[in-house]
Amino acid sequence: MSQTLEARISGLKKYTACDVSDALLKLKVPGAGFIPDLALRNPSPSFTTPIIAPACTVLFLPNLPSPPSSQLPNPNLHFADQLSPSSIIVIRQPPNQPNAVVGGIVAARMAHIGSKGIVVDGRVRDLVQLAELSDMPVFSLSTSTVGAGALSTPHAINHPITLSCGITVNPGDFIFLSPVPDPAAVCIPQNLVAEVLEILPAMVEADAFALEDVKKGSFVTEAFKRRRGKL
């Protein structure tokens, strides 16, 4: 990991997912980077601070009718054996499928190669085994008991993917995973990371002052005008 990457991740860890989305909203990022409707499937006492890493994307397609030719780097290897290490794996599953695309074995492989987390725009299974991976949070839209091969096939790795919520995740975008009590996933476009870090301190400070003003009896309108008006 480069010094620049490490410094940016360290800088972002000072903030919450809400802070980051506020910055992305100001920068006019669609959806403020928030990936909605996810649930943390393996909450752990060790997951107490944000986990941030570049995205490694995986696109699944329906396996019926026959999908187009695979764009995996090596179609003869399982997709989990071809992922970028030290990344957060972001997976797009075709909508309305009842099967999972990540289970205990695949997640264990991801953990072994150093994946920092998993975000599945779809379903996962084997929650007991996922709970054992306490250092690698797993977020998903839903769960299943059915394996991936029933209806899905991995098609591409590290290509841009558009999630069901409409957010596009590019390989290398920063994924910000927030722990309990406010578990969430936010995508920071990689070309905006430096700008997000630049504007966050003043925004967070302004909101802290606005909160204190309101606690002392100020109208929200007045507090926002006084504290946010110059941002």
_To the closest 0.5 Å, what do you measure between CD (Gln93) and CG (Leu59)?_
11.0 Å

*So, for Val169 and Ala55, which heavy atoms are closest and what is the spacing to 0.1 Å?*
CG1-CB, 3.9 Å

*Ser144 and Asn99 side chains, donor-acceptor separation under 3.5 Å*: no

*Are Ile118 and Val90 linked, directly or through other ILVMFWY residues, by side chains that come within less than 4.5 angstrom of each other?*
no

*Pairs involving residues 51-67, ordered by first then second residue, that meet side chain to side chain donor-acceptor pair (under 3.5 Å) (sequence neighbours left out)*: none

*Are Ile199 and Ile52 in one and the same hydrophobic cluster, where Ile, Leu, Val, Met, Phe, Trp and Tyr link if side-chain heavy atoms are under 4.5 Å apart?*
yes

_Stepwise side chain to side chain contact (heavy atoms under 4.5 Å, CB included) test for Lys225 and Thr221_ = CA-CA 6 Å; Lys225 184 178 180 180; Thr221 304; 5.6 Å; no

*Taking the side chain as C-beta and beyond, is there a heavy-atom pair between Leu197 and Arg8 under 4.5 Å?*
yes

*Over all atoms of both residues, closest heavy-atom pair of Leu141 and Ser164*: CD1-OG, 3.9 Å

_So Pro68 and Leu61, do their side chains get closer than 4.5 Å, heavy atoms only?_
yes

*Looking only at non-hydrogen atoms, find the nearest pair between Leu151 and Gln97 and report the distance.*
O-NE2, 3.1 Å

*Ignoring hydrogens and geometry, is there a side-chain-to-backbone donor-acceptor pair from Asp19 to Thr16 under 3.5 Å?*
yes

*Please confirm whether the backbone N or O of Gly117 pairs with a side-chain atom of Ser115, one donor and one acceptor, at under 3.5 Å?*
no

_Heavy-atom check, side chain of Val186 versus side chain of Ile175, under 4.5 Å_ = no

*With distance as the sole test, does Asn42 use its side chain to make a donor-acceptor pair with the main-chain N or O of Leu130 at under 3.5 Å?*
yes

*Are Met110 and Met136 close enough that some pair of their side-chain heavy atoms sits under 4.5 Å apart?*
yes

*asked:* Please say yes or no: joined through hydrophobic side-chain contacts below 4.5 Å, possibly via intermediate residues, are Leu5 and Tyr15 part of one cluster?
replied: yes

*asked:* Are more than 12 heavy atoms, taken from residues, nucleotides or ligands other than Ile105, located less than 6.0 Å from that residue's CD1 atom?
replied: no

*Are Ile161 and Val120 connected, step by step, through hydrophobic side chains (Ile, Leu, Val, Met, Phe, Trp, Tyr) whose heavy atoms are closer than 4.5 Å?*
no

*Non-hydrogen atoms of Ile89 and Ser84 that approach each other most closely*: CD1-O, 4.4 Å

_One pair to check against salt bridge (Lys or Arg N to Asp or Glu O under 4.0 Å): Lys216 and Glu212. What are the steps and the verdict?_
CA-CA 6 Å; Lys216 293 174 182 176; Glu212 290 304 313; 5.2 Å; no

_Measuring only between side-chain heavy atoms, which start at C-beta, is Pro189 closer than 4.5 Å to Leu24?_
yes

*Going through the checks in order, is the side chain to side chain contact (heavy atoms under 4.5 Å, CB included) test met by Phe47 and Val180?*
CA-CA 8 Å; Phe47 182 26; Val180 171; over 6 Å; no

_Under 3.5 Å: donor-acceptor pair, side chain of Arg123, backbone of Thr143_ = yes

*asked:* Between Ile167 and Val29, is there shared hydrophobic-cluster membership here, with clusters defined by ILVMFWY side-chain heavy atoms closer than 4.5 Å?
replied: no

_If I take atom CZ from residue Phe139 and atom CG from residue Asp121, how far apart are they, to the nearest 0.5 angstrom?_
14.0 Å

*List in chain and number order the residues that pass salt bridge (charged side-chain N to carboxylate O under 4.0 Å, His left out) with Arg41, two or more places apart in sequence or in another chain; answer none if no residue qualifies.*
none

_Full working for ring-ring contact (aromatic ring centres under 6.0 Å, His included) between Phe79 and Phe60_ = CA-CA 10 Å; Phe79 85 92; Phe60 274 77; 5.3 Å; yes

*With a 4.5 Å limit on heavy-atom distance, are the side chains of His159 and Pro171 in contact?*
no

*Should the heavy atoms of other residues, nucleotides or ligands under 6.0 Å from NZ of Lys13 be counted, would the total exceed 12?*
yes

*What is the minimum heavy-atom distance between Ile91 and Val102, and which atoms define it?*
CD1-CG2, 3.4 Å

*Nearest-0.5 Å distance, CG of residue Leu163 to SG of residue Cys187*: 8.0 Å

*When rounded to the nearest 0.5 angstrom, what distance separates OG in Ser178 from CD1 in Ile51?*
10.0 Å

_Arg109 and Asp81, any side-chain heavy atoms less than 4.5 Å apart_ = yes

*Contact summary for Ser87 and Pro54, nearest pair of heavy atoms*: CB-O, 3.1 Å

*Is atom NE2 of His112 surrounded by more than 12 heavy atoms (other residues, nucleotides or ligands) closer than 6.0 Å?*
no

*Which side chain to side chain donor-acceptor pair (under 3.5 Å) pairs, counting each pair once, include a residue from residues 190-209, with sequence neighbours left out?*
Asp207-Arg228

*Side-chain contact, heavy-atom cut-off 4.5 Å: Val119 with Ile88?*
yes

*Leu72 and His155: side chain to side chain contact (heavy atoms under 4.5 Å, CB included), yes or no, with the steps?*
CA-CA 6 Å; Leu72 294 177; His155 177 67; over 6 Å; no

